[in-house]
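Taking it in order: structure first as structure tokens, then the write-up.
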Amino acid sequence: MTRRKLIAGNWKMNCYKEAGVSLALEIARRYKALSTPSFDVFMAPPFTLLDAVVQATKGTGVWIGAQDCAVEEKGAHTGDVSPEMIKDLGCGGVIVGHSERRADHGETDTLVKEKAKAALRAGLGVIICVGETLQEREAGQALAVVGQQLKGSVPEEAEAGKVVIAYEPVWAIGTGKTPTSADVQEMHAFMRQTLTDMLGSETAQKMQLLYGGSVKPNNAAELLSLPDVDGALIGGASLKADDFWAIAETQLQK
Ligand code: PGA
């Protein structure tokens, strides 16, 4: 089974307008210059820049999305942004369940699943994040924790092409540390088996599973060559066009 690779950037709470638009323009320019790219590129700027970045990258094939969404479509929810509003801007997707949202805002698997369902309702693609803490890994619970998160966070109606899973060990995010390739492959194979049990083998075989957590130009080729790794979710390195593009370029000629 060959699955198309997805190179995704999560800008987090970074970038003011001018720098954000020029970063997006630079990536889109390089992507558009490829005649038949064999991989997809996704960028998730903060809400404040979504409109400008969508406008700046129109027609380039780059996929733009948000970093979170509300469950409801509209109404009395001060400060929240619905997936329908994100879609209305011309975005194609949204990230849900990032460990920083789970930690900073107490988001549970149940809420993450509701958000994923809301995103699908609005016609957005959704990247659902899971991953264990260092304490859980050291206690030998990494697979069990991620298995639970998948069961709790992935909607029953999830389809490949609309739902992407990102495995991001919490202890690898922003730390420069990564699991060994063997650990990443073990986790991704386990996730695919869990998704097979949940959604059936056809869906699980087609579903893209990303790795995230300190993906950099110097480790991307190895991580992205693992059989069950179908792309990367990149934080820090997505803020520099050269670094993000160096990661994407590992997928040229593949
Ligand atoms: P990082 O972040 O690449 O800076 O480790 C990844 C993420 O949180 O998505």
Side-chain angles (χ1 to χ4, degrees), residues 3 5-15 19-20 23-24 26-27 30 39-46 65 67-68 93 95-104 107 112 127-143 145-146 149-150 153 164-192 208-252 254:
R3 289 171 293 265
K5 293 279 200 294
L6 173 60
I7 307 299
N10 171 14
W11 294 9
K12 308 192 180 184
M13 196 171 72
N14 291 295
C15 290
L23 171 60
E26 186 56 29
I27 296 300
R30 296 185 197 193
F39 58 91
D40 295 320
V41 166
F42 173 80
M43 287 186 279
Q67 300 169 15
D68 178 47
I95 299 170
V96 298
H98 191 282
S99 62
E100 287 154 15
R101 294 215 55 90
R102 291 176 186 260
D104 295 354
E107 294 195 3
V112 173
I127 300 179
I128 303 173
C129 302
V130 295
E132 82 287 355
T133 63
L134 185 57
Q135 203 183 10
E136 289 162 343
R137 175 153 290 267
E138 285 175 345
Q141 293 166 349
L143 297 183
V145 166
V146 169
Q149 288 176 334
L150 287 177
S153 313
V164 173
I165 309 295
Y167 167 57
E168 298 204 307
V170 177
W171 53 273
I173 294 175
T175 59
K177 293 185 194 146
T178 54
T180 63
S181 291
D183 285 344
V184 173
Q185 174 52 28
E186 179 191 37
M187 180 61 82
H188 278 235
F190 168 79
M191 295 200 299
R192 205 173 298 284
Q208 290 163 305
L209 308 184
L210 313 185
Y211 169 77
S214 296
V215 177
K216 305 289 177 199
N218 64 3
N219 60 19
E222 181 172 340
L223 288 163
L224 287 162
S225 71
L226 299 170
D228 283 293
V229 174
D230 310 313
L233 182 54
I234 304 152
S238 73
L239 296 171
K240 290 192 187 134
D242 285 345
D243 285 356
F244 186 68
W245 195 250
I247 295 168
E249 268 187 328
T250 64
Q251 299 312 302
L252 293 177
K254 295 266 168 82

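Owing to the predicted nature of the structure, the values given are computational and were not obtained by experimental measurement. Only heavy atoms go into these numbers, but all of them, side chains included; no hydrogens, no water, no symmetry mates.
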Is there side-chain contact between [X] and [Y], with at least one heavy-atom pair below 4.5 Å?
X	Y	value
Val112	Ile128	yes
Asp68	Ile95	no
Met191	Val130	yes
Ser214	Thr175	yes
Pro46	Gln67	yes
Leu210	Ile165	no
Val96	Cys129	no
Ile7	Ile234	yes

- request: May I ask you to decide if Gly9's main-chain N or O and Ser238's side chain share a donor-acceptor pair within less than 3.5 Å?
  value: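 The answer is no, because no donor-acceptor pair under 3.5 Å joins these two groups.
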
Inter-residue atom distance [X].[atom1] - [Y].[atom2], 0.5 Å rounding:
X	Y	atom1	atom2	result
Phe244	Ile247	CZ	CD1	7.5 Å
Asp243	Lys216	CG	NZ	7.5 Å
Glu249	Asp242	CD	CG	9.5 Å
Tyr211	Leu224	OH	CG	11.0 Å
Asn218	Thr250	CG	OG1	11.5 Å
Thr178	Asn219	OG1	CG	5.5 Å

field: Stepwise side-chain contact (heavy atoms from CB on, under 4.5 Å) test for Trp11 and Leu239
entry: CA-CA 6 Å; Trp11 294 9; Leu239 296 171; 4.0 Å; yes

query: For Ala103, which residues count as a side chain to side chain contact (heavy atoms under 4.5 Å, CB included) partner, sequence neighbours excluded?
result: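 For Ala103, no residue satisfies side chain to side chain contact (heavy atoms under 4.5 Å, CB included) once neighbours in sequence are set aside.
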
[X] to [Y] - nearest heavy-atom pair and separation:
X	Y	value
Val146	Gly131	CG2-CA, 4.0 Å
Pro227	Arg3	O-NH2, 3.2 Å
Gly20	Cys15	CA-CB, 4.0 Å
Leu23	Ala241	CD1-N, 3.5 Å

query: Could you go step by step and tell me if Thr133 and Glu136 meet the side-chain hydrogen bond (donor to acceptor under 3.5 Å, both in side chains) rule?
result: CA-CA 5 Å; Thr133 63; Glu136 289 162 343; 3.2 Å; yes

- prompt: Using 4.0 Å as the upper bound for N to carboxylate O, is an ion pair formed by Glu107 and Arg102?
  reply: no

field: Test: Asp230 and Lys5 ion pair at under 4.0 Å
entry: no

message: For Arg137 and Leu143: C-alpha separation, side-chain torsions, deciding distance, then whether side-chain contact (heavy atoms from CB on, under 4.5 Å) applies.
response: CA-CA 8 Å; Arg137 175 153 290 267; Leu143 297 183; 5.7 Å; no

Residue pair Tyr167 / Glu132, side-chain donor-acceptor N/O under 3.5 Å: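 Tyr167 vs Glu132: donor-acceptor pair found between side chains.
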
- request: List the steps, then state whether side-chain hydrogen bond (donor to acceptor under 3.5 Å, both in side chains) holds for Glu168 with His98.
  value: CA-CA 8 Å; Glu168 298 204 307; His98 191 282; 3.1 Å; yes

